[in-house]
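Here's the structure we're looking at; comments come further down.
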Amino acid sequence: MDLSGVTRGAVAGAAATAPMTLFMTLAHRALPMTERYPLPPRQVTERASERSGVELPRTEGRTLAVTLLAHFAYGAATGALYGSRPPAAVPKKTLAAAVDGALFGLVVWDVSYLGLLPALGLLPPATLHPWRRNALMISAHIVWGGSLGAILSLRDASHAFTREPARHQ
């Protein structure tokens, strides 16, 4: 396993969580009022807190901070998985890397919302969520994954230009 790839993936995964979170926040406002209850990161944070016996802070601002910290940490962890692939398996061109990342984002949504989160008792399976909320979260994971792939591709491309050229003897 390429440890530098894991680290770069974690950093890119956390960074990709920013546009994802912005997208989720804006798209949430477009939902019908009956579907504007808290988004999954908040729901998962609250349920994990309840199940673990650890109380969330009593102020909304602090609860939001804990929720964002958990969301960005999950983005970093899943980004690390993406970054752990062998370098030969990672597309070099930015568009191809963004598409590859978006597909990975769909896998993350599938594993999380149909498997891991329901198995841990943190959310009901996606099959029980309203279709518009599923569409929002699927789209958000495409944004996250596409951003993840693009960030890694751009970082690798810029890094290639700053490397010391090979010396010929």
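For the numbers below, each heavy atom of this structure counts, side chains included, while hydrogens, waters and symmetry mates do not.
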Would you say the side chain of Val107 lies within less than 4.5 Å of the side chain of Leu103, judging by non-hydrogen atoms?
no

If you group Ile, Leu, Val, Met, Phe, Trp and Tyr by side-chain heavy-atom gaps below 4.5 Å, do Leu39 and Leu68 land in one group?
no

Where is the tightest heavy-atom contact between Pro130 and Tyr37, given as atom of each residue plus distance?
CD-OH, 3.4 Å

Can Glu35 and Arg133 be counted as an ion pair, charged N to O under 4.0 angstrom?
no

Testing the basics here: between Trp109 and Ala126, what is the closest heavy-atom pair and its distance to 0.1 Å?
CZ2-CB, 3.5 Å

Applying a strict under-4.5 Å side-chain criterion to I, L, V, M, F, W and Y, I'd like to know whether Val66 and Phe72 cluster together.
no

Lys/Arg-Asp/Glu bridge criterion (N-O < 4.0 Å) met for Asp100, Lys93:
no

Should the heavy atoms of other residues, nucleotides or ligands under 6.0 Å from CZ of Arg62 be counted, would the total exceed 12?
no

Let me confirm one number: the NE2-CZ distance from His28 to Arg132, rounded to the nearest 0.5 Å.
12.5 Å

Side chains of His71 and Thr21 only: does a donor on one sit below 3.5 Å from an acceptor on the other?
yes

Parallel, tilted or perpendicular: which one describes the rings of Phe104 and Tyr82, with boundaries at 30° and 60°?
tilted

Side-chain heavy atoms nearer than 4.5 Å, only ILVMFWY residues, links allowed to pass through others: does that put Leu117 and Leu106 together?
yes

For the CD atom of Glu50 and the CG atom of Leu56, what is their distance to the nearest 0.5 Å?
8.5 Å

Could you tell me whether the side chain of Trp144 and the main chain of Ala18 form a donor-acceptor pair under 3.5 Å?
no

May I ask you to decide if Leu81's main-chain N or O and Ser84's side chain share a donor-acceptor pair within less than 3.5 Å?
yes

Set of side-chain contact (heavy atoms from CB on, under 4.5 Å) partners for Val143, sequence neighbours left out:
Pro19, Phe23, Ser147

Donor-acceptor under 3.5 Å (Arg36 side chain, Arg29 main chain):
yes

Leu148 CG to Thr17 OG1 distance, which is reported to the nearest 0.5 Å
8.5 Å

Write down the atom of Leu123, the atom of Pro40, and the distance for their closest heavy-atom approach.
CD1-CB, 3.9 Å

Taking atom types as modelled, find out whether Tyr74 and Ser112 have a side-chain donor-acceptor pair closer than 3.5 angstrom.
yes

Looking at Ser153 and Lys92, would you say the former's side chain and the latter's main chain have a donor-acceptor pair under 3.5 Å?
yes

Under 3.5 Å donor-acceptor, Ser49 side chain and Val54 backbone:
yes

Closest heavy-atom pair, Pro124 versus His129, reported as atoms and distance to 0.1 Å, is O-NE2, 2.8 Å

To the closest 0.5 Å, what do you measure between CH2 (Trp131) and CG (Leu136)?
11.0 Å

Between Val111 and Val108, is there a shared hydrophobic cluster once you connect ILVMFWY residues whose side-chain heavy atoms come closer than 4.5 Å?
no

Flag yes if Leu116 and Met20 sit in one hydrophobic cluster, no otherwise; membership is Ile, Leu, Val, Met, Phe, Trp, Tyr, and two members link when side-chain heavy atoms are under 4.5 Å apart.
yes

Check step by step if side chain to side chain contact (heavy atoms under 4.5 Å, CB included) holds for Arg42 and Thr63.
CA-CA 9 Å; Arg42 175 66 172 258; Thr63 298; 3.6 Å; yes

Where Gly9 and Leu152 come nearest, the two heavy atoms and their spacing:
N-CD2, 4.1 Å

Check: Pro41 main-chain N/O paired with Thr67 side-chain donor or acceptor under 3.5 Å
no

To the nearest 0.5 Å, tell me how far Leu154 CG sits from Thr94 OG1.
4.0 Å

Starting at OG1 of Thr45, measure out to CG of Leu122 and round the result to the nearest 0.5 Å.
9.5 Å

His141 to Met137 - nearest heavy-atom pair and separation
ND1-O, 2.7 Å

